[in-house]
**Q** 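Okay, handing you the structure first.
These figures come from a predicted structure and were not determined experimentally. Reckoned from all heavy atoms, side chains included, excluding hydrogens, waters and symmetry mates.
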Amino acid sequence: MGAEDTHSEGENIMHQDSLFRDEEKMEESANVAYLLTLGILLGLTLREVNKKTKFPYSPMVLTCGLLIGLLQSSLGYLGESASILSHMHPHLIVYVFIPVLLFESAFNCDWYVFKYQMVNILLLAGPGVGWGAILLGIVFKLFLFYSDEDMNWYQAFTLGSVLSATDPVAVVALLKELGASAAFNHLIEGEALLNDGVAMVFFIFFNKLSKAAAGIGGGVTFGGVLLNFFRNSIVGPVLGVIVGFFGALWARRIVGDDVEVGWLTFVFTYLTFYWAEFCFFKTSGLLAVVSLGLFWSAFGKTRIRSESEHAVHTVWSFVQYSCDTTVFLLVGMIVGTEVIEERYIYTSDYFRMILFYFFMIICRYLMVISFWPLLKKYGYPMSQPELIVFVYGGLRGALGLTLSLMVGCDPDLPPRFRHLSVFFTAGMAALTNLVNGTTCKALVNYLNMIENPVIKKKVYKRYLTDMIVNQEDTIKELEGDEHYAMADWNQVKALVGSQEYLQEVVQLENEIKQIQGGNMSRISYEGLTDSETFGEVRYRVLRILKGLYYSKFEHGQCDEDSVRLLVESSDVALDHTGSILNIWEQLFQSFTSFSSIKYFFKAKEWTFLGGYAQQYITKHLGFVYDVTTTFISCASEVLTLQQHMPMNKGAVKLIMDEIRNEITKAEIYLGSLNDTFPEVIRAIQTKRASHTVLMHQRHHLEENQKNGLVDDKEFNSLKANIDARLVELENHSFDWQIPTFNAFAMEFPIFTGVPKEELDTIVKSTYEKRYQQDEIVYEKGMTCQNIYIVQKGTVDDEVGTHILKKGLGSLLSYANLIGDGKCMTTARAASETVLHSLNLNVLRSLMQKSEIFEQKIYINSIEYLIKLFESQAGPLAQMEAKRLGQFLRSKTQFKKFDVHSNVEFMFGGYIIKGEIQSCISDDGEGIERYRDYCYVPPRESDFTVNKPLICLVFDDAIDIIKQDRLEQFNLENHEEIVQERFSRIEIQNQQQEF
């Protein structure tokens, strides 16, 4: 054997070696990866251009891809990489990019709006796609005069299906930016979301008919058509829901692992697509992924723990942006390559393509008009301008081009038709994105599609004025700081845009005057008490409620099922802002009746079903209790904003009265719940308290870790322990037993730490009393001999002009314990009630023996004292009850002082008993004196005690209303300051004119 034979044999062995890799192919792969990386970098640059110029992002990326495709011969190895990408198999685009884009869009939609628009979306994305495909096929055959040699009727309908898939990313982004209604945005986005999968179903259907007519493949029967259509349009979505359900169960068990939750959503997205397309089901993977995304939007989001939710959304936003940029870049490259390499496209086809562009818009209009009677009947009504924008905004994009490439790769179809499919789809993608995508904003403005009523202008003007005043306050604060002594404050004001904001406010005021037809010198800041103002107040209140619900959920104070129902109740109310608020009725409809639950109580004694019945009762009543208490808490916090709403006070008062009415309904129901199922409510409260403590520990641990107070090793160990306890708590079973009063008293918070012998003395003096509904327990002014603990039922405690509802475990009342022997309030049974009566003298004796017990009594009595002596309570009167309690327990000190002592109230305080006076009189203002039940404002100088003093000294300033709540409403009233600046602008303008 010669040397040449030996060398040849060596080469064959090398080529057969499984470890052999072609170096040239490796370099090609590296260049392709490099080009894609440069594409993302180009996308980031265009993103900045979009921020500066507001020019639509997607058309810019598409144009760049088109230029790369056209100029690939001049781009060297990058051009070669572009050529490789342009010839990539279309299924690869579908498998890699499309599932991510569809899931992200479905996952981030507003499920309530989507659900309300569901019928219209299904009409447009279901039969609408089929009807649109037929219309486009007719255009190809009858108006563009393509012969059967170019495409037969079935092939024309196949191409019509391909061109029916819309991808209005640029239009949706534009409409959101311009402030179009969420309902209209969801109609466009939802139709595009579903019609991608439906277009593929019709594409497969017509393509099979086309091949069958040509004698390729098996015959097509009516039964087979129905079976395939059912499998593709029904089985796929059902599979998506099933996978989503198990994914949501898995996600709920993940605690504190953002990576696992993020990967879980990715894995299930791709698995759903793969199982649907290639496994036993052989159904539509696109519709399965859309169904998965919608299920997670409706039920899965709240299954993700709040600490991981932000990370998951951030990751999906990044992936969506990367895939969207890459797909549009690839589309542009493919279109450019099609123009260069095309041999089956003639000059007449270019003219036909331009003509077809106009026919396509007309056909989409005819398709929508065909369903117009049904579209007006269901969902949100669509105006005439919205109809025009809906038709014009039907851009073509990634999926349509991918389907056309599938046609182009099918060897069973005629070459001329295959190339026509890619040519027309690529042309429509380019024209709709470059023409419709860039001119849609002008069309929206021309049609005045987005209304901007005067009430919106007034509220926006208030936002601007608040920004102006905040800027001025910040500047004044910084001017007194020595670290900014050399700053050029005129330049600072120019840089932060103060003048521009002022001019915009003046412009808005002039627009409001013009709309109202008034000639007054300035517009009232109060607005008008009309239906428009009422609707705007309700709109703001409901938006605040939604934010509070999510805040409760994120802090672990509300379950996922509860927040979902609460948010949906606000969404329903937002659709009817012109009507009186009826939030509680919407919530109540989701509760099982008490009579039905009592049947489950009987069933829990059965041998086989008892465990399931008890589990259902616990879960449902826990859900009901969670919804009710969260609603009461959030709605009560909204009430604290009443005095700060920047609208007509009469309108605000009316809406707040509606909120109070809803709170009253919820409180009555909660009282009935406590009366009917006290043993279950006790278990629920125990579980919620445990969950709150664990979440507080978790946040505290994370805060200490951020501040470097805990090492990573200890942090991970403690965090894992807390997370394990949270999971264990969710599956823990609680006993349903009402404790004896002796056991109950031992657990009562104010008796914590009381010696057993003293507690026994209290218990021995206790006896049970029963009251019927509306029966008076005690009345203001009568001699007080007993203190009561509520064992069953609800009591209304009339404190001044307020009514405090006291339920299971409440003490009536702390104020009577510190009074002069007379009842300070009137208590009345709101339902059939059982109270345990405690001897007043025994408790007062314990107050003298135990300083801790005395301190608890006095602090708990503040809630009553503030309401009884509201005019003396200062800013404490404006604090919501829960926040007041938190402030009193965490930021105050209970103090007692003798006569002639000096007391310092650096941050203020509250006098429960006694009298003080200022040591030094203010300039010309005389001596300040403060007596019983009075708020003391912050003061740097000391006070002298005139009478024995019992008080609370504050350790921190009072934050009356959280700043984030104020910012949502623009609640500060800076009218005089803003008017002063208006005057200054007018003077400056007059000087410039002069």
Side-chain angles (χ1 to χ4, degrees), residues 625 629 664 667-686 736-752 754 758-800 802-819 821-847 853 856-857 860-861 863-865 867-868 881:
Y625 187 85
T629 53
T664 301
E667 288 176 339
I668 292 173
Y669 181 84
L670 184 62
S672 301
L673 195 66
N674 290 333
D675 295 346
T676 312
F677 310 108
E679 64 274 33
V680 184
I681 298 304
R682 175 179 169 80
I684 292 168
Q685 290 180 350
T686 303
W736 290 359
Q737 291 185 359
I738 293 294
T740 62
F741 179 74
N742 192 5
F744 185 72
M746 291 291 292
E747 298 173 1
F748 205 63
I750 63 168
F751 294 131
T752 304
V754 173
E758 296 290 349
L759 196 58
D760 289 340
T761 303
I762 295 173
V763 171
K764 288 177 183 178
S765 67
T766 302
Y767 58 92
E768 183 181 287
K769 295 189 70 174
R770 294 179 176 270
Y771 294 87
Q772 299 301 315
Q773 185 174 353
D774 292 330
E775 188 176 352
I776 292 178
V777 179
Y778 55 79
E779 199 166 5
K780 183 177 181 179
M782 67 181 291
T783 301
C784 183
Q785 298 178 341
N786 298 288
I787 301 298
Y788 303 92
I789 293 179
V790 181
Q791 184 73 2
K792 180 183 177 182
T794 307
V795 175
D796 289 339
D797 206 356
E798 300 173 7
V799 185
H802 304 273
I803 296 180
L804 303 180
K805 289 191 174 293
K806 298 297 179 180
L808 180 65
S810 300
L811 189 143
L812 302 170
S813 86
Y814 292 100
N816 290 343
L817 265 171
I818 67 170
K822 302 290 184 180
C823 293
M824 302 181 72
T825 62
T826 297
R828 190 188 309 271
S831 61
E832 186 177 342
T833 305
V834 177
L835 304 178
H836 283 281
S837 177
L838 285 68
N839 187 276
L840 177 68
N841 294 326
V842 172
L843 292 177
R844 284 185 169 174
S845 174
L846 180 59
M847 289 175 65
F853 180 72
K856 290 179 181 178
I857 295 297
N860 280 284
S861 69
E863 178 188 13
Y864 286 86
L865 299 178
K867 289 178 169 55
L868 285 168

**Q** Quick one: does any side-chain atom of T629 pair with a main-chain N or O of Y625 as donor and acceptor, under 3.5 Å?
**A** yes

**Q** Just verifying a value: how many Å separate L812 CG and H836 NE2, rounded to the nearest 0.5 Å?
**A** 13.0 Å

**Q** If I take atom CD1 from residue I789 and atom CD from residue E768, how far apart are they, to the nearest 0.5 angstrom?
**A**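 Answer rounded to 0.5 Å: 12.5 Å.
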
**Q** Do any side-chain atoms of residues 837-844 form donor-acceptor pairs under 3.5 angstrom with protein atoms, and if so which ones, sequence neighbours left out?
**A**
from : atom 1 : to   : atom 2 : distance (Å)
S837 : OG     : Y767 : OH     : 3.4
S837 : OG     : N786 : OD1    : 3.2
N839 : OD1    : N841 : N      : 2.9
N839 : OD1    : V842 : N      : 3.1
R844 : NE     : L817 : O      : 3.1
R844 : NH2    : N816 : O      : 3.3
R844 : NH2    : L817 : O      : 3.4
R844 : NH2    : G819 : O      : 3.0

**Q** Is a donor on one side and an acceptor on the other found under 3.5 Å between the side chain of T833 and the backbone of S831?
**A** yes

**Q** E667: what forms a salt bridge (Lys or Arg N to Asp or Glu O under 4.0 Å) with it, not counting sequence neighbours?
**A** none

**Q** Closest heavy-atom contact between Y771 and L835?
**A** CE1-CD1, 3.5 Å

**Q** Please give me the minimum heavy-atom distance between E775 and R770, naming the atom from each residue.
**A**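 Heavy atoms of E775 and R770 come nearest at OE1-O, 4.4 Å.
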
**Q** Where does the angle between the aromatic ring planes of Y788 and Y778 fall among parallel (under 30°), tilted (30 to 60°) and perpendicular (over 60°)?
**A** parallel

**Q** Quick check for you: to the nearest 0.5 Å, what is the distance between Y864 atom OH and L804 atom CG?
**A**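 Between Y864 OH and L804 CG, I get 5.5 Å after rounding to 0.5 Å.
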
**Q** How long is the straight-line distance from CD of Q785 back to SG of C823, given to the nearest 0.5 Å?
**A**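 So the gap between those two atoms works out to 9.0 Å.
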
**Q** Closest heavy-atom contact between V777 and A829?
**A** CG2-N, 4.3 Å

**Q** Just verifying a value: how many Å separate I803 CD1 and T826 OG1, rounded to the nearest 0.5 Å?
**A**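 OG1 of T826 is found 10.5 Å from CD1 of I803.
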
**Q** Let me confirm one number: the CG-CG distance from N860 to L865, rounded to the nearest 0.5 Å.
**A**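 With rounding to 0.5 Å, CG (N860) is 11.0 Å from CG (L865).
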
**Q** Just one of K867, R828, K806 clears the salt bridge (charged side-chain N to carboxylate O under 4.0 Å, His left out) bar with E798, so which one?
**A**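 Answer to the salt bridge (charged side-chain N to carboxylate O under 4.0 Å, His left out) test with E798 among K867, R828, K806: R828.
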
**Q** Ignoring hydrogens, what is the shortest heavy-atom contact between L868 and M824? Give both atom names and the distance.
**A**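 Where L868 meets M824 most closely, the heavy atoms are CD2-O, 3.6 Å.
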
